[in-house]
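Positions are given from 1, in the same order as the sequence printed here.
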Amino acid sequence: MIEEATFIQVGALSDGFAPDSYILEVSNKLTGKTFQLNFADTMQQIAVSFPADQQIKWKDAIVGCRITSIRSGVYFVNFISPEDWRVGITIIINEQDNNCVLLQGTLPTETDIRISAFSKVEQNLPLTDVKIGIQLGTLDNKQGQAPTYTAELIGMRNMYTYNPKERYEHVYLNEQFYAWHCLDGVEKGLADVDRCHYIKISNNLYLFIWREKIIPTLGIILIDLNEMRTDGGIMGYQDQGFSSISLFPVGAHATILNKTDYPKA
């Protein structure tokens with residue numbers, strides 16, 4: 001009889017991903033730079049600077065962050081908000097195309113987590129309790145076009161190898177949902193369909209965001225289909241105490257298994 005796979009907390013997931021991980025080396029090319037993030041939709045302007053290696057000045061606070069560069073001139077900046085420990089902030093800075101993305105994801109409280117899925121359906125609530133704010137903008141006063149939401153990944157079935165023992169497949173179903181399946185690793189045999197968002201950063205470079213509903217998890221990765229690499233971070237609670245956060249880096253080698261093109265109705 002096949003043993004039933006069980007869901008684990010994000011802290012345990014990070015333990016599985018960490019050994020011999022294929023994450024990118026950090027980049028210090030932003031050190032000493034300042035940017036103005038311009039968001040036309042909200043008429044908001046936010047100044048950010050990088051006073052030292054792997055540090056960002058966010059509003060009035062200087063906090064540690066992780067900065068990587070999956071493609072020349074494109075940077076992934078990831079950190080916990082100094083104002084709210086349940087909020088993870090990701091900034092994509094694209095100096096090549098003079099644009100940016102600002103993401104602010106919030107983990108739910110234990111009270112929200114324990115509301116049943118059926119109750120959420122009855123109340124017309126999203127099944128995932130992880131909230132996300134997404135802003136697409138341009139850099140400084142230079143000419144640039146903001147990134148856009150995209151459907152270019154839809155229909156792909158990709159495999160991601162995070163280390164010698166951790167492999168997952170993603171099936172990008174439609175503009176709101178994708179399926180994930182652990183082929184090997186600490187979640188082997190687990191699979192689910194979760195809410196997701198796709199943003200095109202540049203040619204064959206995508207920002208992929210997912211929000212899980214069973215274990216409150218926020219995943220944010222850049223997928224480079226030129227180099228067949230990914231880089232990003234996963235955020236969730238360390239354990240069932242819901243009192244501390246695990247925000248850990250992930251990176252993978254990517255393989256396109258197939259592509260489904262649906263005939264028109």
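A donor-acceptor contact shorter than 3.5 Å is absent between the side chain of S21 and the backbone of P19. Looking at N99, its side chain never comes within 3.5 Å of a backbone N or O of G144 through a donor-acceptor pair. No donor-acceptor pair closer than 3.5 Å links the side chain of D15 to the backbone N or O of V10.
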### Task
Please test T111 against I113 for side chain to side chain contact (heavy atoms under 4.5 Å, CB included), starting from the C-alpha separation and ending with a verdict.
CA-CA 5 Å; T111 300; I113 293 167; over 6 Å; no

### Task
Could you please spell out the steps behind the side chain to side chain donor-acceptor pair (under 3.5 Å) verdict for Q44 and Q135?
CA-CA 10 Å; Q44 189 177 19; Q135 293 179 271; 2.9 Å; yes

### Task
Take H253 and M228, measure what side chain to side chain contact (heavy atoms under 4.5 Å, CB included) needs, and give me the verdict at the end.
CA-CA 6 Å; H253 297 290; M228 301 306 291; over 6 Å; no

### Task
Starting from the C-alpha separation in whole Å, work towards a yes-or-no answer on salt bridge (charged side-chain N to carboxylate O under 4.0 Å, His left out) for D261 and K259.
CA-CA 7 Å; D261 294 309; K259 175 77 160 59; 3.1 Å; yes

### Query
Where do N38 and Q36 land on the side chain to side chain donor-acceptor pair (under 3.5 Å) test, with the steps shown first?
CA-CA 6 Å; N38 302 312; Q36 181 173 276; 2.8 Å; yes

### Task
Assess whether side chain to side chain contact (heavy atoms under 4.5 Å, CB included) is satisfied between F50 and I67, documenting all intermediate values.
CA-CA 10 Å; F50 300 89; I67 304 171; 3.7 Å; yes

### Task
Verify side chain to side chain contact (heavy atoms under 4.5 Å, CB included) between Y160 and T230, making sure each step is shown before the conclusion.
CA-CA 8 Å; Y160 299 104; T230 76; 3.5 Å; yes

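For the pair L24/R229, a side-chain contact is recorded, criterion being any heavy-atom separation below 4.5 Å from C-beta on. Taking 4.5 Å as the limit, every side-chain heavy atom of K120 sits out of range of all side-chain heavy atoms of S116. With contacts defined as side-chain heavy-atom distances shorter than 4.5 Å, the pair T34/V48 does not qualify. Using a 4.5 Å heavy-atom cutoff, the side chains of I91 and V101 are not in contact. Using a 4.5 Å heavy-atom threshold, the side chains of L102 and I89 count as touching. Side-chain contact check for E166 versus E187: every heavy-atom pair is 4.5 Å or farther apart. Between N94 and Y75 there is no side-chain heavy-atom pair separated by less than 4.5 Å. Side-chain contact check for I80 versus V63: every heavy-atom pair is 4.5 Å or farther apart.
Under the 30°/60° scheme for interplanar angles, the aromatic rings of Y172 and F208 are found to stand perpendicular. Using cut-offs of 30° and 60° on the angle between ring planes, the pair Y162 and F17 is tilted.
The aromatic ring centres of Y149 and Y198 sit 6.0 Å or more apart.
By the 6.0 Å contact criterion, CD on Q123 is enclosed, its count of non-hydrogen atoms from other residues, nucleotides or ligands being greater than 12. For Q143, the CD atom is loosely surrounded, since the number of other residues' heavy atoms within 6.0 Å does not exceed 12. Summarising the local packing, CD of Q240 is surrounded by 12 or fewer heavy atoms from other residues, nucleotides or ligands at distances under 6.0 Å. Remark: K29 NZ is loosely packed, at most 12 non-hydrogen atoms of other residues, nucleotides or ligands lying under 6.0 Å away.
Here R114 does not pair with D112 in a salt bridge; the nearest charged N to carboxylate O distance is not below 4.0 Å. Between D224 and R71, at least one side-chain N (NZ, or NE/NH1/NH2) sits under 4.0 Å from a carboxylate O, which counts as a salt bridge. The pair K165-D20 fails the salt-bridge criterion, with no side-chain N (NZ, NE, NH1 or NH2) lying under 4.0 Å from an Asp/Glu carboxylate O.
With hydrogens and angles left out, the side-chain atoms of N98 and T138 include no donor and acceptor closer than 3.5 Å. Inspection of the T90 and N78 side chains reveals an N or O donor paired with an N or O acceptor under 3.5 Å. Using modelled atom types and a 3.5 Å distance limit, the side chains of H170 and Y168 yield no donor-acceptor pair.
Sorted by first and then second residue, the pairs that involve residues 197-215 and meet salt bridge (charged side-chain N to carboxylate O under 4.0 Å, His left out), not counting sequence neighbours, are E152-K200, D192-K213, D194-K213.
Under the 4.5 Å side-chain heavy-atom criterion for ILVMFWY residues, no single connected hydrophobic cluster contains both M235 and V87. Taken together through direct or relayed side-chain contacts under 4.5 Å among Ile, Leu, Val, Met, Phe, Trp and Tyr, M156 and L207 form parts of separate hydrophobic clusters. Connection of I234 to L218 is not established within any shared hydrophobic cluster, with ILVMFWY side chains joined at heavy-atom distances below 4.5 Å, either directly or through further cluster members.
Here the CD1-SG distance, from I154 to C196, works out to 8.0 Å after rounding to the nearest 0.5 Å. The distance from the CZ atom of F39 to the CD1 atom of I134 is 11.5 Å, given to the nearest 0.5 Å. Summarising the geometry, atom CG belonging to L153 is positioned 5.5 Å from atom OH belonging to Y206; distances are rounded to the nearest 0.5 Å. Interatomic distance, H181 NE2 to L190 CG, rounded to the nearest 0.5 Å: 8.5 Å. For the atom pair OG of S202 and CD of Q96, the computed distance is 8.0 Å after rounding to the nearest 0.5 Å. The CG atom of N28 sits 11.5 Å away from the OG1 atom of T68 when rounded to the nearest 0.5 Å.
In the hydrophobic clustering, where aliphatic and aromatic side chains (Ile, Leu, Val, Met, Phe, Trp, Tyr) are joined below 4.5 Å either directly or transitively, Y22 stands alone. Annotation for M159: hydrophobic cluster partners, listed by chain and number, are L183, L257 (ILVMFWY side-chain heavy atoms under 4.5 Å, direct or chained). Taking Ile, Leu, Val, Met, Phe, Trp and Tyr as members and joining any whose side-chain heavy atoms lie under 4.5 Å apart, directly or through other members, the hydrophobic cluster of V171 also contains L173, F177, V193.
Listed by chain and residue number, F242 satisfy the ring pair (Phe, Tyr, Trp, His ring centres under 6.0 Å) test with Y237 (two or more places apart in sequence, or in another chain). Applying the side chain to side chain contact (heavy atoms under 4.5 Å, CB included) test to P249 and every residue at least two apart in sequence or in another chain returns I23, R66.
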